Each structure stands twice: as C-alpha cells, then as structure tokens.
Amino acid sequence: METILVLAHTETDGSLAKPVREALHAAAALHKSLAGSKLLVGLIGEDVQAAANSIAASPATKYFGVTGADFSVSRYATDAAAAEAIFKAAQATVVVAPATSRWARVLPGVAQRLGGRADTHVTGVAVADGKISVNRWYYRQRMEGVLTRTQRPWIIGVDPGSHTPCECGAGAASVEMVPVNLTEANKRTTVVGIREPKADAQTIRPDAELLFVTGAGWTKKQADGQTHVPEAEKLILGFLKQARASLGSSKSLVDLGGEGQAVLPFLSHLNQIGQTGATPRHAKGLSTCCHGEEPHTVGWRFIGERRAISLDPNCGWARGKADVLYVADAFAVVAKVNELLAAG
Amino acid sequence: MSTAYQIVVCGSIVPDPLQTLEPIASPTGPALKNEMMLPAVLDPWAGHALYEAANLAKNQPGSKVWLVSLGPKAKLQQVMMTVAQKVPFELVALDGSASGFTDATETAAALADAIAAIPGLDKSRLLVFGGWESASRGAGATMQMVGERLGLVDQFQGVDQLTVNADGSLEILERIEGGKHQVSKCAGAPALLGWATGNLPEPRNNPQVGMVNMRTVMPALQKAKPTKLAGEGLSFASVALPKQLRETQIVKDKSPDDIAKEIVEWIKK
Ligand SMILES: Cc1cc2nc3c(=O)[nH]c(=O)nc-3n(C[C@H](O)[C@H](O)[C@H](O)COP(=O)(O)OP(=O)(O)OC[C@H]3O[C@@H](n4cnc5c(N)ncnc54)[C@H](O)[C@@H]3O)c2cc1C
C-alpha cells in the first residue's frame, strides 16, 4: 500500500507556484488509481499556513510543515534536512515533487539519504497492473523511456509544465509542524540574493506563448557581402517586445560572444536551446537564421507548433523538424512582421 | 588566504550528439544500437566542470585536479586521447557502462567509492565538481548522491560561476528559473558543484599537457576497476524514439510581406 507524499516549497511570498499544483495533480491521479493508497502533503517555507490553505480542498488527508526563516531560502543543507524530516513524519513510500531548481538541487540527495531512488524530469506518471510507472526522456530528449521501480522510497521529480495544475480550491487546512534540528554545519552556506538582467533586458520568459529562436545567420555576411549586426539586434529586440516572446538561441550564436566577436549583447548561454542548452515548453516556436541541426532541435522537444525561416531549403528544419519552413531572408520577414505587430 | 584545493571532477563519455541514436532491447535492459561503435565525446557539462576545475587550480597554487570517469575502458581511452590534451589532471578510471539507462544511485556509489579511495584525500580542501546533468541519463541526480555519500551538504547545481573570496569563502552563481542566477556564499571547502556552462571556452589542444597527462592516463586505464551496474529493482517497460516526424511544408516562393502576414496570423491564432 503506497503512501504518496507531495513535497513542496513555498515561494518567498508564501504562495505555491504552479509546478506544485501540477505535481499535486499527478499525485492525486496516482492516489485515485491505487486502491488503499494515502495522499499527504508536506510544505517547507518560512510560513506554510497560507500555502496549505490555498490547496485545502485537495484530496490529501494530512498536511505536514517545516517552517522558519532558515527554510525560506533555497539551500541544499536545510532543504535536505527539512525534506528528510517530513518524509519520516509522513512515513511515505512515494514522493511526488515539482522539479523546480530548488527541488532539483536537493531531492536526489534526499533519496540517497533515505536509502531510496530518485527519478527526475518525469513527464508522465501512471499506474498499470497496480504498479506505478513514470515516463522520462534519455539522451537529451532523443528517446522516451517508461520505467518502474521496486525500491521505496521512490522520489519522483515532475517536470514543470508537463502536467495540468490541480483545480483544488482553498479552505482551512490544519498543518502538523515537524521539528528539524539544524546545526551550524547546515548553515555554512548563505543565500546572498538573486542576480537577474534588468527588467527590459530580461529575454527569457518561461510563460510566453511563443519561443523565438535566433541562429548564427543573424551575424553572418548577407547578400550584400556585409554583416548587419546592429540591424539584427534592432529587429530581434523589436520582435520580442511586440510579440512578448521568450528568446532562445542556437549554440553557435551564443558561443560567438565568448570568442570576442561583435555579437548580440542580450544573448547568453542561458538562452541556448538544445543538447547542451535548455528544453523549454512553449505552445509555439519560431526559428530564424538557424540551421536546425539535431543537437539544436532536441531542445525543441516540448515546443508545440514549429515554424522556421532560413535561406537554406535543405536545412534541418526541412527534414521533419518544423511544421512550416519559409525559405526567405529573415531580415526582410522579421522587419515586416514587426511592422504588422506594431500596427496591431 | 590561498587554499590548495583538491578538485575531483566526475565526468564520463556520451555518444557524439551528431550521431543518430536508436534504442534497442538487450539482455541487460535498454541500450543503443551499435553502442560500442558510436564515436564518443566527453560529456559536455562535465567538460565545462573540468575546464573550470583546471582554471581554478591554476589560480590557486598547489591545487590538483582529478578526473573520475566511469565508462567502457576502450571508449574512455579513445576520448582521453583528446581530453588529455586540454588541461592537466590525473585520471581515475572505472571500467563499466556509461549508458544513460544505468541507475544514478549505482553510478554514484561507484564514483563516491573511487573518490574516497584517492590517496591523500583531504576533505577540508575538497571540491567535487561534475556536470549538473549528463547528456545520457540527463537526470541531474548522480552528483547529489555522490555528495551525500561523501558527507557533503554544501551542494550547488547549475553553477555558472565560482569565485574564491580573499577570506577563502566561495561565491557561487546557480541557474534558477526564468534566466536568473541565485548567488550564494559558502564558508569554504568542502563543497560540491554541478556545473552548467560556466564562462570558459573549450581549451585548445596542447600536446605538452597531453604528454604529461598520458603518463598517468594509461596506467589508470590499465588498472581501471571493473564496475558492474546491475540496475537493481529498475525495469523498463519501453524505450522508444518519438513517433512524430513532422510533415514539413516548405514555402519557397512567397514574398517577405506575404510570409510576414502568415506568421503574424499564426502568432495571433
Ligand atoms: C557536443 C555538442 C553539443 C551541441 N549542443 C548544441 C546545443 O545545445 N544547441 C545548439 O544550438 N547547438 C548545439 N551544437 C551545435 C550544433 O551542432 C550546430 O553547430 C549549431 O546549432 C548551429 O547553429 P546555427 O544553426 O545557428 O548556425 P549555422 O549552422 O551557421 O546556420 C546558420 C543558418 O542561418 C541561415 N541564414 C543566414 N542568413 C540568413 C538570413 N538572412 N535569413 C534566414 N536565414 C539565414 C543559413 O542559411 C543557415 O541555415 C552542439 C554541438 C556539439 C558537437
């Protein structure tokens, strides 16, 4: 009989982020399919009452909390201690948790500490013949596996965006507080703050409908034998602003920055999509001046509709990687697109 | 205050990303078709960790870098021929599977044992590095488990920058959601860092570095411990390539204006 624990952390304002509701949805589905199972929730943060109340109508029968200023920050040592304590209090066999950056850092270590196993980047959770199975991708999103495990505890880190959020409404939840004894050894690390680009330079927008990808072509010599980098910069930023898109890039383009060439200053490795970059989730993606090679397009696994603009009719996009390939000059097309978007 | 660090980098090999990969069922579970024939490269994020380690060692006199690698001996040897020319390190090799379908827990156990067995290991100077995810299993789980086994609770993942402050403390930038970094300060070694891309370009091949490294690489490969990863308790119901190859519509003869109109309609849809 499984005891399923949804383990979550609050945001700095005490709320729960969407990935928590998604994990809760996945866990509730498991609970429903596993006769006799229990569903519990564990919350970690400075104060968790508001968070517990916000999901009080969920099918969970009990709420555990670890609270205090030490648990408001995203830090391995304290998060691991808190997760371990809640896990023990709940006597869970399966933990379902959102794979936020905070949880991704700590949960595999917690599995090790508890003598269990962890699977991360899980995109599907199901029950067949009374057994839990999970889906996850291997070789950077090139192939999908479905696996089961006999070991418990089993920690399942659910990828944000892979499940629909639960609709469980608010109410009044009673939270059982779990004490955690911290030592100085847990506090050798202090979180100093967050470093982020200025608001107008923030090009990565996980919630955007559209991913706009730029490739090295934007910095290459064009038909007139010249490069047009300042113009490329204006067109790209103009598009991002009008379309409220998130900006992704090929590796070749972000690498140019490291090699001291004149490149687009708002691009960094954080924008890189692909094998050694990110695999974001957006409903649509538009690629420009990018060749669509396999190490790049594996990062498009979770992009719904895909269109590309390239001068090369034989580029990777033409070979089943995009729904539509426009063989055209992206400078001319994006200039016109910006004009149309600006006109409303 | 300058610390002479012992920097242990965990990193293995993965198939060259330009290769076509196809899963097959083998008697021991899923595998890649022609796995032993596929050209391999150093796992990219682990590579960044190695270059960052070498750079740190250069700036902190007396420091030393080890590369602990679990993979099929013959393939490791091939990849080391180029990797050994990049930066100075001492190899600790484990002869076993580098497949993405192995279990992170078992890999971590083997790596942690190999690290603990490094002669003269001094925890107070230890920094364990690795990639924040592999390009094979892609789990981002192994390093945390290695850290737990070694008793390291100052752990960081998605690291893009490490600065050693004058007082010996470490300032670390980790990737978090939305293109941001969390900045943390750690009192000092020991610590574990799973690297993302970092800030360094891939070093050029340096045959002299290669010659020095090869003196320890070859003996390390010869005495590489056979390591069995049994996949205890883990079973795969299936491993498959995604089905949907898209029917690409190739639009060749439209004017930029017409294409722009079509794109705007699509965006607004
Ligand atoms: C270990 C490893 C890991 C890698 N990881 C990644 C990764 O994570 N992400 C990644 O992206 N790549 C990755 N790569 C690199 C990848 O193989 C390609 O080299 C890279 O994606 C190419 O970038 P690109 O398409 O922007 O540039 P290019 O190949 O130079 O293509 C430029 C394109 O722009 C087009 N173009 C030029 N001008 C115009 C114009 N005016 N209008 C329209 N089109 C134009 C050209 O026709 C061409 O198709 C990796 C490679 C290796 C070996």
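The model shown is predicted, which means the values in this text are computed figures rather than measured ones. Quick note on labels: first sequence line is chain A, next is B, and so on, each numbered from 1.
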Nearest-0.5 Å distance, CZ of residue A:R142 to OG1 of residue B:T20 | 7.0 Å
Is it true that atom NZ of B:K269 has more than 12 heavy atoms of other residues, nucleotides or ligands lying nearer than 6.0 Å?
-> yes
Scored by heavy-atom pairs under 4.5 Å with chain A, the best of B:E232, B:E171, B:K254, B:R175 is B:R175
Could you give the distance from CZ (A:R140) to OG (B:S134), rounded to the nearest 0.5 Å?
-> 8.5 Å
Output for pair (B:D258 CG, A:Y326 OH), nearest 0.5 Å, gives 10.5 Å
Where do A:Y139 and B:P15 come nearest, in terms of heavy atoms and distance?
-> CE2-CD, 3.8 Å
May I have the step-by-step check of ring pair (Phe, Tyr, Trp, His ring centres under 6.0 Å) for B:F156 and A:Y76, ending in yes or no?
-> CA-CA 7 Å; B:F156 306 88; A:Y76 184 94; 8.7 Å; no
Against chain A, work out which of B:G140, B:P17, B:G188 has the most heavy-atom pairs shorter than 4.5 Å and name it.
-> B:P17
Which pair of non-hydrogen atoms, one from B:V153 and one from A:A185, has the smallest distance, and what is that distance?
-> CG2-O, 3.9 Å
Bottom line for A:E339: the part with an atom under 4.5 Å from chain B's heavy atoms is neither
From A:Q275 CD over to B:W45 CH2, what is the distance, rounded to the nearest 0.5 angstrom?
-> 8.0 Å
Does B:Q144 use its side chain to pair, donor to acceptor, with the backbone of A:A104 at less than 3.5 Å?
-> yes
Check whether any side-chain heavy atom of A:M143 lies under 4.5 Å from a side-chain heavy atom of B:L32, and answer yes or no.
-> yes
CD on A:E196 to NE2 on B:H181, rounded to 0.5 Å | 12.0 Å
Of all of B:T248, B:I263, B:D253, which one pairs up most often with chain A through heavy atoms under 4.5 Å apart?
-> B:T248
For chain A, find which of B:G138, B:S238, B:A141 contributes the most heavy-atom pairs closer than 4.5 angstrom.
-> B:S238
Between the side chain of A:Q202 and the main-chain N/O of B:G178, is any donor-acceptor distance below 3.5 Å?
-> yes
A:L341 versus B:V264: any side-chain heavy-atom pair under 4.5 Å?
-> yes
For A:K321, is it the side chain, the backbone, both, or neither that has a heavy atom closer than 4.5 Å to a heavy atom of chain B?
-> backbone
Ranking B:I176, B:I172, B:T105 by heavy-atom pairs under 4.5 Å to chain A gives rank one to B:T105
For A:S74, is it the side chain, the backbone, both or neither that has a heavy atom under 4.5 Å from a heavy atom of chain B?
-> both
Against chain A, work out which of B:D257, B:L173, B:L241 has the most heavy-atom pairs shorter than 4.5 Å and name it.
-> B:D257
B:W266 and its side chain to side chain contact (heavy atoms under 4.5 Å, CB included) partner, picked from A:L210, A:D323, A:V324 | A:L210
Quick one: which of A:A99, A:A322, A:P206 has the most heavy-atom pairs under 4.5 Å with chain B, could you say?
-> A:A322
Can you check side-chain hydrogen bond (donor to acceptor under 3.5 Å, both in side chains) on B:S184 and A:T189, steps first, answer last?
-> CA-CA 7 Å; B:S184 300; A:T189 292; over 6 Å; no
Measuring heavy-atom distances to chain B, does A:S133 have an atom under 4.5 Å in its side chain, in its backbone, in both, or in neither?
-> neither
To the nearest 0.5 Å, what is the distance between CZ (A:R117) and CD (B:E106)?
-> 6.0 Å
